[in-house]
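Below you'll find the structure, written out as structure tokens, and then a few comments.
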Amino acid sequence: MRRLIVLMVFGLTGCSVGHYEYSKEAAKRVDMTVTGIPTVLGLGTLGTTIPLTADYSLTAAHVAKFSLYRVKAWHPECDLAVVYHKNHEANLPPNFRNSHIGERVNLYGYSFISAMPVSSAGQNLINTTLANSWNKAACVVVAANAGVVKGMSGGAVYNASDDTLAGVIVGYSDRINDNKSGKTLYKNVALYIPYARFKNWLTQAVKS
């Protein structure tokens, strides 16, 4: 795995990257979490959660922190949390499969701007580091050329080929640079934590 790539900017320009659109399918796959008023004046926070079982959902840790959900487990390195949430979907738990570089993926979440379900599609580009107050550099993330808008954090990334759950959206970047040459390799990318990074933790979190 290439570790010469470093994330240079994490969602600092605007509130979205790439193309995304309203999606009825997103409403079937993920849920919205709201604290305050998310639209127009921005007097609150909005994020997305992924139903796991009848009692638990998976989301980004930074979404869980500011939501009203009770947290069952925090990931020790990744921007992830399992929260208590009553789910009534028929096809639970979802089928997980780690994605690969070059594979097509579909992203589902909720928009902070409209408070509506949205989706986007793209391709896995590269593994990269993401180090901030929520995600340690050891928790490598995947960059994909799919659209993301603020509010989609905690949302789902699905493998397009077999409709399996590949990871959890944690943000976006306007560019990814090579940390040796400084050359910009990719622009306007979505960032998500792949299943391989949290598989064992999730199994224990749900069972315990």
Side-chain angles (χ1 to χ4, degrees), residues 7 9-11 13-34 38 45-52 57-64 78-81 89 91 93-128 130 134-135 139-176 186-198 202:
L7 178 68
V9 177
F10 175 57
T13 58
C15 61
S16 67
V17 296
H19 173 75
Y20 59 91
E21 58 188 28
Y22 168 75
S23 170
K24 291 183 179 179
E25 187 63 27
K28 298 177 183 178
R29 296 174 183 258
V30 294
D31 296 316
M32 179 174 65
T33 174
V34 179
T45 60
L46 181 151
T48 304
T49 62
I50 306 167
L52 281 178
S57 288
L58 177 65
T59 189
H62 70 270
V63 171
C78 301
D79 184 4
L80 294 171
E89 287 79 0
N91 299 317
N95 293 317
F96 285 87
R97 177 178 70 80
N98 196 56
S99 196
H100 302 286
I101 300 303
E103 279 200 76
R104 300 287 301 177
V105 288
N106 298 318
L107 280 62
Y108 301 100
Y110 278 82
S111 167
F112 177 88
I113 299 171
S114 65
M116 299 292 286
V118 293
S119 67
S120 66
Q123 185 179 36
N124 294 326
L125 299 174
I126 200 166
N127 294 319
T128 187
L130 171 60
W134 299 104
N135 203 83
C139 184
V140 174
V141 301
V142 176
N145 58 358
V148 172
V149 63
K150 186 177 179 181
M152 288 180 74
S153 289
V157 178
Y158 275 81
N159 291 302
S161 62
D162 57 9
D163 205 34
T164 51
L165 189 52
V168 181
I169 302 167
V170 291
Y172 51 84
S173 176
D174 69 343
R175 68 187 182 276
I176 294 178
Y186 301 102
K187 293 183 177 181
N188 299 327
V189 296
L191 303 173
Y192 74 90
I193 299 174
Y195 178 51
R197 292 289 165 183
F198 62 88
L202 184 64

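V63 and G47 make their closest contact through CG1-CA, 3.9 Å (heavy atoms, listed as atom of the first residue, atom of the second, distance). Shortest non-hydrogen contact noted between S99 and Y192 is CB-OH, 3.7 Å. Heavy-atom minimum distance, P117 versus A26: CB-CB, 3.8 Å. Here the shortest heavy-atom pairing between S23 and S119 reads CB-OG, 3.2 Å. Scanning both residues, G171 and S153, for their nearest heavy atoms gives N-OG, 4.2 Å. In this structure, D31 and P51 approach most closely via the heavy-atom pair OD2-CG, 3.4 Å.
Proximity of a side-chain donor or acceptor of N124 to a complementary backbone N or O of V105 within less than 3.5 Å is not detected. Under the 3.5 Å distance criterion, the side-chain polar atoms of N98 are matched with a main-chain donor or acceptor of A196. Between the side chain of S173 and the backbone N or O of I176, no donor-acceptor pair lies under 3.5 Å. A donor-acceptor pair under 3.5 Å links the side-chain atoms of N159 to the main chain of R97, judged by distance alone.
Under the 4.5 Å side-chain criterion, counting only non-hydrogen atoms from C-beta, T48 is not in contact with I169. Annotation: side chain of L52 is not in contact with side chain of S57 (no heavy-atom distance under 4.5 Å). Between R197 and V140, the closest side-chain pair of non-hydrogen atoms falls below 4.5 Å. In this structure, F198 and V168 have side chains that are in contact, with non-hydrogen atoms separated by less than 4.5 Å. In this structure, the side chains of F96 and L202 come closer than 4.5 Å at one or more pairs of heavy atoms. Taking 4.5 Å as the limit, some side-chain heavy atom of V189 sits within range of a side-chain heavy atom of L125. Annotation: side chain of I193 is in contact with side chain of C139 (closest heavy-atom distance under 4.5 Å). Between Y110 and L46 the shortest side-chain heavy-atom distance falls below 4.5 Å.
To the nearest 0.5 Å, atom CG of residue N106 and atom OG of residue S120 are 8.0 Å apart. Note that CG of L80 is 7.5 Å distant from CG of N135, once rounded to the nearest 0.5 Å. With rounding to the nearest 0.5 Å, the separation of CD1 in I101 from CG in N127 is 4.5 Å. Taking CD1 of I113 as the reference point, atom CE of M116 lies at 13.0 Å (rounded to 0.5 Å).
Inspection of the N95 and Y158 side chains reveals no N or O donor paired with an N or O acceptor under 3.5 Å. Side-chain contact of T164 with D162: a donor-acceptor pair under 3.5 Å is present, judged by distance alone.
Screening R104, R29, K28 against D163 for a salt bridge (charged side-chain N to carboxylate O under 4.0 Å, His left out) leaves a single residue, R29.
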- Could you give me the CA-CA distance, side-chain angles and deciding distance for S114 and Y22, then say whether side-chain contact (heavy atoms from CB on, under 4.5 Å) is met? CA-CA 9 Å; S114 65; Y22 168 75; over 6 Å; no
